[in-house]
Number of protein chains: 2
Amino acid sequence: MSLRHAVLGLIAELEGASGYDLLKVFDVSLANVWTATQSQIYGELGRLADDGLIRVAAEGPRGRKEYAITDAGRAEMRRWLTETRPRYLRRDEPMLRVFFFGQAGAATAAALLDAESDALAGMLDELVELDERIPWKEDDLSFYGGLAIEYGKRFMEMRRDWARWARDEVAARDAGD
Amino acid sequence: MSLRHAVLGLIAELEGASGYDLLKVFDVSLANVWTATQSQIYGELGRLADDGLIRVAAEGPRGRKEYAITDAGRAEMRRWLTETRPRYLRRDEPMLRVFFFGQAGAATAAALLDAESDALAGMLDELVELDERIPWKEDDLSFYGGLAIEYGKRFMEMRRDWARWARDEVAARDAGD
DNA sequence: GGTCTCATGTAACTCGTTACATGATTAA
DNA sequence: TTAATCATGTAACGAGTTACATGAGACC
């Protein structure tokens, strides 16, 4: 139940946030780490409130609901961080396709790998820009969010370099043996 | 519908494979890229056969069904590789937790990061061993599978190094300012 | 007055996980 | 003979996606 803890953890850090606020956080910094849709977030906020882990602390204009974490919620967050082990489930569509590039022919495979390294270079640029735009290290969320952004940058770099290397391997195999 | 194409692609490469055979491929080489459970695989094989993309080519002992791809299946595979763009959906539980390590205190955060770099070093060892055990480059699946394994190794290395770096950042922040 | 952003919610569907259930064949 | 491996299938549930639906407030 990772989404549950993502939402709960954000409410803990961002007291007074609404579902709409969380949605923006998911789109920007958390996107590198966990994606969520609008309907998921609102649904989970409702369930967390029903279970007493968060509560509606205030209501604003346009039906806005501002949430705050409860003691039970803080305890659950600590339990999740310290008493559960994360799962390393990999599900990576671009990399899955690589597995089958042989079925499209070597020339097409090389072109697809080129397109991927370009896409990755673009995503890396976006992250670097984001990293420079946000004032890190001010508070805990920023500090740990900064660690996650650094991870995102390393990830994109590694992957871009891999795509370039793989492209050369495919080209060499096509030309040579 | 990535699982569908993962199963379809494997049947294309491994003519005569059964659901049970695919299950092993998913557990070993494909695990770095796409995970699937037994019930998903059998379900998808049934649906692919219903849709005419694969067919039961032979039946073996113990109810074994050996599948073969059809022309419609090969066309669908080509279409998927060349006419669709992959999605970069990241959903990474260990990294999500990092986002909230501040809520457990700096000492606990450092310990959690230590545990993670150890786990990653172990997974890297497993991949290196796998890489040495399997005879790559013999056929297309092995060649492209080898590219994916190289990716897996780079991924683990990057991640292990990141965890060590992050641990030092947390320790420095805790000691210093 | 019109458009943009803020703001929430639900319904239908697909995908993924866990657990159960069953049985044949092989090798020690 | 008994344990391991091979082999398939389904049922219930939980998680994630897409689309629809609605409306209030802010800005120009």
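Letters A, B, ... mirror the listed sequences (proteins, then strands); counts begin at 1. Computed over heavy atoms, backbone and side chain alike; hydrogens, waters and symmetry mates excluded.
- Across the interface with DNA chain D, nearest-nucleotide mapping of Asp21(B) and Gly43(B) shows Asp21(B) to be the residue nearer the 5′ end.
- Residues from residues 78-97 of chain A that place a heavy atom under 4.0 Å from any atom of DNA chain D: there are none.
- Nearest to the side-chain atoms of Thr37(A) among the listed nucleotides dT18(D), dA7(D), dG16(C) stands dT18(D).
- The interatomic distance linking Phe26(A) (CZ) with dA15(D) (P) rounds to 14 Å, in whole Å.
- Across dG9(D), dT8(C), dT17(D), the shortest atom-to-atom separation from the side chain of Gln38(B) is found for dG9(D).
- In summary, the side chains of Thr84(B) and Arg79(B) do not present any donor paired with an acceptor at a separation below 3.5 Å, with no hydrogens or angles considered.
- Out of dG16(C), dG16(D), dC6(C), the shortest distance to the side chain of Trp34(B) is found at dG16(C).
- When side chains are defined from C-beta on, Trp162(A) counts as touching Leu147(B), because their heavy atoms get closer than 4.5 Å.
- Relative to the side chain of Tyr42(A), the nucleotides dG9(C), dT5(C), dA7(D) differ in distance, and dG9(C) lies closest.
- Following rounding to the nearest Å, Asp27(A) (CG) and dT5(C) (P) show an atom-to-atom distance of 14 Å.
- Glu66(B) and Ser18(B) share no side-chain donor-acceptor pair at under 3.5 Å.
- The separation between Glu44(A) atom CD and dT17(D) atom P is 14 Å, rounded to whole Å.
- With a 6.0 Å cutoff to the six-membered ring centre and a 45° limit on the axis angle, Arg97(B) counts as a cation-pi contact of Trp80(A).
- Atom CG of Leu23(A) is separated from atom P of dC6(C) by 10 Å (rounded to the nearest Å).
- One interatomic measurement links the two molecules: CG of Leu22(B) to C1' of dT8(D), which rounds to 13 Å at whole-angstrom precision.
- Under the side chain to side chain contact (heavy atoms under 4.5 Å, CB included) rule, Lys24(A) has a single partner from Asp21(A), Asp27(A), Leu22(A), which is Asp21(A).
- In this structure, a donor-acceptor pair under 3.5 Å is present between the side chains of Arg91(B) and Thr35(A).
- Spacing between atom OH of Tyr20(B) and atom C1' of dT25(C) amounts to 12 Å, rounded to whole angstrom units.
- For dT18(D), the base has a donor-acceptor partner in the side chain of Ser39(A) [N/O atoms by modelled type, under 3.5 angstrom].
- Here dT10(C) presents its P atom at 15 Å from CD1 of Ile41(A), a figure rounded to the nearest Å.
- Near DNA chain D, meaning a heavy atom under 4.0 Å from it, residues 50-68 of chain A has Pro61(A), Arg62(A) in order of number.
- Atoms CG and CZ, from Leu112(B) and Phe100(B) in turn, are 14.0 Å apart once rounded to the nearest 0.5 Å.
- Taking the centre and axis of the six-membered ring of Tyr67(B), the NZ or CZ atom of Arg55(B) falls outside the cone set by 45° and 6.0 Å.
- In this structure, a donor-acceptor pair under 3.5 Å is absent between the side chains of Arg160(B) and Ser117(B).
- For Gln40(A) and dT14(C), the CD to P distance is 17 Å, given to the nearest whole Å.
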